[in-house]
Amino acid sequence: GSEAAGEQAREEEAEDRLKEHMDNLLDKSAKTRLMALQSLRLAFSSRTLSEFLLQRRLTLTDSLEKCLKKGKGEEQALAGTVLTLLCLQMGSGPEGEEVFRSMKPLLISILTDSMASPGARQSCATALGMCCYIAAADLE
């Protein structure tokens with residue numbers, strides 16, 4: 001019993017940290033946003049969080065969209081990577097497709113923007129390709 005309770009407490013603590021990182025994506029400080037993106041990248045690539053993310057995908061997608069629109073270079077590149085991992089977590093169902101469909105125009109915009117940093121463009125290209133492969137319902 002106490003082992004299960006300890007696991008539950010660790011799970012809740014991890015979710016609280018994830019919520020905090022998600023909140024920090026909207027911080028005024030670019031450094032805080034970068035740290036939040038790095039933490040989310042690590043969390044999304046090391047654990048399956050689909051249930052947790054399912055409930056928060058719209059909020060997270062909006063926050064990532066702001067990072068991609070307002071951020072520069074490294075922030076855009078990290079946001080693209082986190083978006084790719086979000087698509088992987090959501091999978092090929094309607095939720096993943098919804099995330100992809102909402103972000104596709106912005107990803108294409110950054111990818112084709114010659115003023116955007118090469119890292120940001122590469123990350124957006126990867127996000128576009130991976131999300132399309134995983135979540136696009138339309139074969140075109």
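Every value quoted in this text rests on a predicted model; they were computed, and no experiment measured them.
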> According to side chain to side chain donor-acceptor pair (under 3.5 Å), who are the partners of Ser29, at least two apart in sequence or on a separate chain?
Thr32
> Can you sort out the partners of Leu26 under side chain to side chain contact (heavy atoms under 4.5 Å, CB included), two or more places apart, ordered by chain and number?
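Testing Leu26 for side chain to side chain contact (heavy atoms under 4.5 Å, CB included), a comparison that skips the adjacent residues, returns Ser63, Lys66.
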> Does Met35 offer a backbone N or O that forms a donor-acceptor pair with the side chain of Ser39 under 3.5 Å?
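Present.
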> Which residues satisfy the side chain to side chain donor-acceptor pair (under 3.5 Å) test with Gln55, sequence neighbours excluded?
none
> Not counting sequence neighbours, which residues clear side chain to side chain contact (heavy atoms under 4.5 Å, CB included) with Thr61? List them please.
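Thr61: side chain to side chain contact (heavy atoms under 4.5 Å, CB included) contacts with Leu86, Val99, Ser102, Met103.
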> Return yes when atom CE of Met22 has more than 12 non-hydrogen atoms of other residues, nucleotides or ligands closer than 6.0 Å, and no otherwise.
yes
> Check the pair Leu68 / Cys124 against side-chain contact (heavy atoms from CB on, under 4.5 Å), numbers first and verdict last.
CA-CA 9 Å; Leu68 284 166; Cys124 288; 4.0 Å; yes
> Can you list everything that forms a side chain to side chain contact (heavy atoms under 4.5 Å, CB included) with Gln89? Sequence neighbours excluded, please.
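For Gln89, the residues satisfying side chain to side chain contact (heavy atoms under 4.5 Å, CB included) (neighbours in sequence not counted) are Phe44, Thr48, Leu49, Ser50, Leu53.
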> Does the side chain of Leu85 come within less than 4.5 Å of Leu88's, by heavy atoms?
yes
> Please check if atom CD in Gln122 has more than 12 non-hydrogen atoms from other residues, nucleotides or ligands closer than 6.0 Å.
no
> Write out all pairs satisfying salt bridge (charged side-chain N to carboxylate O under 4.0 Å, His left out) with one or both partners inside residues 69-84, taking only residues at least two apart or from two chains.
Arg33-Glu75, Glu65-Lys69
> Enter the distance from Leu128:CG to Leu83:CG here, rounded to the nearest 0.5 Å.
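So the gap between those two atoms works out to 9.5 Å.
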> Sequence neighbours left out, what passes salt bridge (charged side-chain N to carboxylate O under 4.0 Å, His left out) with Arg56? Give chain and number order.
none
> For residues 5-14, which residue pairs qualify under salt bridge (charged side-chain N to carboxylate O under 4.0 Å, His left out), counting only residues two or more places apart or in two chains?
Glu7-Arg10, Glu11-Arg47, Glu13-Arg17
> Would you call Asp16 and Glu20 a side-chain contact if the rule is heavy atoms closer than 4.5 Å?
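Not in contact.
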> Please collect all salt bridge (charged side-chain N to carboxylate O under 4.0 Å, His left out) contacts where either partner lies in residues 108-128, sequence neighbours excluded, each pair once.
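Of all non-adjacent pairs touching residues 108-128, none passes salt bridge (charged side-chain N to carboxylate O under 4.0 Å, His left out).
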> Can you check whether Gly119's main-chain N or O pairs, donor with acceptor, with Ser123's side chain at less than 3.5 Å?
no
> Can you name the residues that form a side chain to side chain donor-acceptor pair (under 3.5 Å) with Arg57, not counting sequence neighbours?
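Expected list: Glu98.
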